[in-house]
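When a ligand or atom number is given, it counts from 1 through the structure's own listing order. Computed from a predicted model, the values in this text were never measured in an experiment. All heavy atoms count here, side chains included; hydrogens, waters and symmetry mates do not.
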Amino acid sequence: MEDHKRRNFLKLGLIGAVVGAIQPLKAGGLFTQSFETKIDGPLVVSTWNHGLAANSAAWEILSKGGKALDAVEKGVRVTEADVTNRSVGIGGMPDRDGHVTLDACIMDEESRCGAVGFLEGIDHPISVARAIMEKTQHVMLVGSGAKKFALEQGFGQIKTPIPPVKEEYKKWKKENQDLFKKPEINHENHDTIGLLALDIHGNLSGACTTSGWAYKLHGRLGDSPIIGAGLFVDNEIGAACATGLGEAIIRIAGSHTVVELMRHGHSPMDACRLAVERIISKHKDLTNLQCGFLAIDKNGNVGAYSVYNGFNYALKTNKEEKLVDAPFNRSW
Ligand code: ASP
């Protein structure tokens, strides 16, 4: 064992040595691979600048040998509670009718998953998603049913939009009257947080939470609460999350596609790039079509890629904590 790795091992006091056997690809029969994965420390990555604070919160759990599932929930709750954040949680922007509707999903190492969509006036949608996963036989609840469930579970209520957002909305409404006559996508404001973690036990989990596109049509769900689109985790392979225009991400089942590409032997970076290229190939008009994917594999390799420049992610390990600019297909 290299010296620095040994130090990490001793500092943490535990190590997960996971013998992972990637199943043979039955359909394609491309290859069979069996390997040993040594996890010498945990890893957390998350989308955009706000990922730095979320990663720190997740790290409090991961660095003590805690579970990736607990870490991803704790991490994105920081972003959801940040009143200055206009694209996630309490400070989120409203839809075209002035309602802030929140979407979130979570997935763990056992492929358990929970999702909530079109949730209004409830604190911490990611924890509602986790409660759906753990306390019901369903994966997804939306709208008034999700709210009823959340209230029954004792979740707090929030008043949205918060005052500064309400002011911004009034101004926007006055200036964009024409948009009310046509159901077009408005391309202002996006920055979902997707957060992926690998814990010391070698297990993966992910969380994704957003207020969605600002001034979306009332009732719209994007990719973020949809397992396989905004987030996907397969503990044998890796995990991926998405940000950007949800409609485009849903069309290619984005995060699931990234994980499947990793299953077929692609690195996280290549898998994200190939998923972005697929999105590009399916859309004639790429004006304003920004999407980005972030992925980690079971070995702790990280990759990301976006349609346009500007997408970044935050990364934290035993050795470093940083923001990374993702590679991209084209410039604005
Ligand atoms: N993917 C989110 C949505 O479409 C928004 C974003 O990430 O920018 O709702």
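Taking every heavy atom of both residues into account, V44 and L62 meet most closely at CB-CD1, 3.8 Å.
Using a 4.0 Å cut-off between heavy atoms, Q290 makes no contact with ligand 1 at all. Residue-level proximity to ligand 1 for D191 is carried by the backbone, the only part with a heavy atom below 4.0 angstrom.
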Show me the donor-acceptor pairs, under 3.5 Å and distance only, between side chains in residues 219-227 and residues at least two apart or in other chains.
residue: R220; atom: NE; partner: E247; partner atom: OE2; Å: 2.8
residue: R220; atom: NH2; partner: E247; partner atom: OE1; Å: 2.8
residue: R220; atom: NH2; partner: E247; partner atom: OE2; Å: 3.2

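The pair E260-R263 counts as a salt bridge, with a side-chain nitrogen and a carboxylate oxygen less than 4.0 angstrom apart.
Checked against a 3.5 angstrom limit, the closest N/O atoms of W213 and ligand 1 fall inside it. Taking distance alone, with nitrogen or oxygen atoms compared against 3.5 Å, G246 approaches ligand 1 more closely than that limit. In terms of polar-atom proximity, A242 is not counted as a contact of ligand 1, lacking any N or O under 3.5 Å from an N or O of the ligand.
Atoms of ligand 1 found under 4.0 Å from any heavy atom of S224, numbered from 1 in the order shown, are 1 (N), 2 (C). Annotation for ligand 1: atoms under 4.0 Å from non-hydrogen atoms of D223 are 1 (N), 2 (C), 3 (C), 4 (O). Every atom of ligand 1 with a heavy atom of G212 under 4.0 Å away is listed here by number and element: 9 (O). Residue T243 has at least one heavy-atom neighbour below 4.0 Å for each of these atoms of ligand 1: 6 (C), 7 (O), 8 (O).
In terms of the side chain to side chain contact (heavy atoms under 4.5 Å, CB included) criterion, residue partners of M269 (sequence neighbours excluded) are, by chain and number, S267, Y305, P327.
Between I122 atom CD1 and Q157 atom CD the span is 5.0 Å, to the nearest 0.5 Å.
Side-chain contact check for N312 versus N49: some heavy-atom pair is nearer than 4.5 Å.
For the residue pair H266 / R273, no side-chain donor-acceptor distance below 3.5 Å is found, with atom types taken as modelled.
Residue R220 places a heavy atom less than 4.0 Å from ligand 1.
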